[in-house]
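Data block below; observations after.
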Amino acid sequence: MVYFRAICSLNTLPEELKPYVPLFCHVITKMGCGTYDYREQSQLMELTTGGMSATPQIIPDDSNIDAYEQGVLFSSLCVDRNLPEMMHLWSEIFNNPRFDDEEHLKVLIRMIAQELSNGIPDSGHAYASTRASKTLTLAHRKSTR
């Protein structure tokens, strides 16, 4: 098995775009890339990998309680023989993402909203805990947005 993990820093991303990072992470591997539409990309991902994901990250600075770094973690896994295909998919996702299918983007956003609303009743304690930790450091404050 081959595990791929890469972090991309968001230090140069303008502040006004940072609230959209979680949405970007949710859709970047589901919109299609290069010559693949979202269906073809999904099928190729299922055939050659154990999954591909992008996750927003807030990394606190151990030496300064008020400092942190924001980034996106890209991760995937595959069997050895599928490594070239997996890396080709990442290359296409990084260099040629397709955001031209507005209807599919709307569907993905609706799915995110539904998942969030379904989780509200079951997440009371987690919400309270997260809300309380928000006051501890800047990193906690950023990660709860």
Side-chain angles (χ1 to χ4, degrees), residues 1-61 67-145:
M1 290 295 287
V2 176
Y3 296 87
F4 171 78
R5 292 173 50 103
I7 275 205
C8 178
S9 175
L10 298 178
N11 287 346
T12 59
L13 186 69
E15 283 299 318
E16 64 268 12
L17 296 179
K18 288 184 179 177
Y20 300 104
V21 169
L23 175 62
F24 170 81
C25 288
H26 189 84
V27 303
I28 189 65
T29 59
K30 296 175 179 77
M31 287 297 296
C33 60
T35 60
Y36 308 115
D37 67 19
Y38 70 91
R39 289 179 193 96
E40 294 166 329
Q41 178 186 357
S42 176
Q43 185 177 26
L44 194 55
M45 284 171 53
E46 286 180 29
L47 290 173
T48 60
T49 75
M52 300 176 80
S53 64
T55 311
Q57 299 287 303
I58 304 280
I59 302 126
D61 185 335
Y68 60 90
E69 186 167 342
Q70 291 179 278
V72 174
L73 171 66
F74 297 97
S75 58
S76 60
L77 65 131
C78 69
V79 294
D80 291 346
R81 70 177 180 272
N82 291 338
L83 180 59
E85 290 88 355
M86 182 177 76
M87 296 314 292
H88 172 72
L89 271 172
W90 277 124
S91 177
E92 290 295 311
I93 290 168
F94 294 146
N95 296 310
N96 303 303
R98 290 180 58 179
F99 294 107
D100 55 343
D101 189 345
E102 289 182 32
E103 282 308 309
H104 185 61
L105 181 59
K106 287 178 187 177
V107 167
L108 290 174
I109 291 171
R110 284 189 205 109
M111 287 172 57
I112 295 167
Q114 187 64 46
E115 288 171 13
L116 289 173
S117 68
N118 286 344
I120 290 173
D122 300 328
S123 302
H125 177 73
Y127 175 77
S129 174
T130 301
R131 190 79 174 150
S133 72
K134 184 177 179 179
T135 61
L136 298 177
T137 66
L138 283 174
H140 279 99
R141 226 170 286 139
K142 288 288 185 181
S143 68
T144 58
R145 284 190 176 175

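Residue numbers count from 1 along this sequence. On a predicted model such as this, the values are computed, not experimentally measured, just so you know.
Within 6.0 Å of CD in E40 there are more than 12 heavy atoms belonging to other residues, nucleotides or ligands. For E102, the CD atom sits in a loose shell: 12 or fewer heavy atoms of surrounding residues, nucleotides or ligands are nearer than 6.0 Å.
Using a 30° and 60° split on the angle between ring planes, F24 and F99 fall in the tilted class, from 30° to 60°.
Taking CG of L77 as the reference point, atom CE of M86 lies at 7.5 Å (rounded to 0.5 Å). How far CG of L105 is from CG of L23: 6.5 Å, rounded to the nearest 0.5 Å. With rounding to the nearest 0.5 Å, the separation of SG in C78 from CE in M52 is 9.0 Å. Note that CE of M31 and CG of D101 are 5.5 Å apart. Values are rounded to the nearest 0.5 Å. To the nearest 0.5 Å, atom SG of residue C33 and atom CG of residue N96 are 7.5 Å apart. For the atom pair CD of Q57 and OG of S9, the computed distance is 12.0 Å after rounding to the nearest 0.5 Å.
No donor-acceptor pair under 3.5 Å is formed between the side chain of R98 and the backbone N or O of Y38. No donor-acceptor pair under 3.5 Å is formed between the side chain of E69 and the backbone N or O of I58. Of the possible polar contacts, none joining the S91 side chain to the M87 backbone as a donor-acceptor pair under 3.5 Å is found. Of the possible polar contacts, none joining the H26 side chain to the V21 backbone as a donor-acceptor pair under 3.5 Å is found. Looking at E115, its side chain never comes within 3.5 Å of a backbone N or O of I112 through a donor-acceptor pair. Counting only distance, with no hydrogens or angles, the side chain of K18 and the backbone of P14 share no donor-acceptor pair below 3.5 Å. Between the side chain of N82 and the backbone N or O of E85 there is no donor-acceptor pair closer than 3.5 Å.
The two residues F74 and C8 make their nearest non-hydrogen contact at CE1-CB, 3.8 Å. Nearest approach of G34 to E92, heavy atoms of both residues: CA-OE1, 2.9 Å. Across all their heavy atoms, P22 and P56 have their closest contact at CA-CG, 4.1 Å. When all heavy atoms of N95 and P97 are compared, the closest pair comes out as C-CD, 3.5 Å. The shortest heavy-atom contact between L89 and Q41 is CD2-CG, 4.3 Å. The minimum heavy-atom distance between M1 and V79, with the atom names listed, is SD-CG1, 3.9 Å.
Looking only at atom types and distance, the side chain of T49 has no donor-acceptor partner in the side chain of S76 under 3.5 Å away.
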Subject >> side chain to side chain contact (heavy atoms under 4.5 Å, CB included) between Q70 and N11, worked out >> reply: CA-CA 7 Å; Q70 291 179 278; N11 287 346; 5.7 Å; no
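L44 has its side chain within reach of Y36: a pair of non-hydrogen atoms, C-beta onward, lies under 4.5 Å apart. Put simply, the side chain of C25 reaches to within 4.5 Å of the side chain of V72, judged on heavy atoms.
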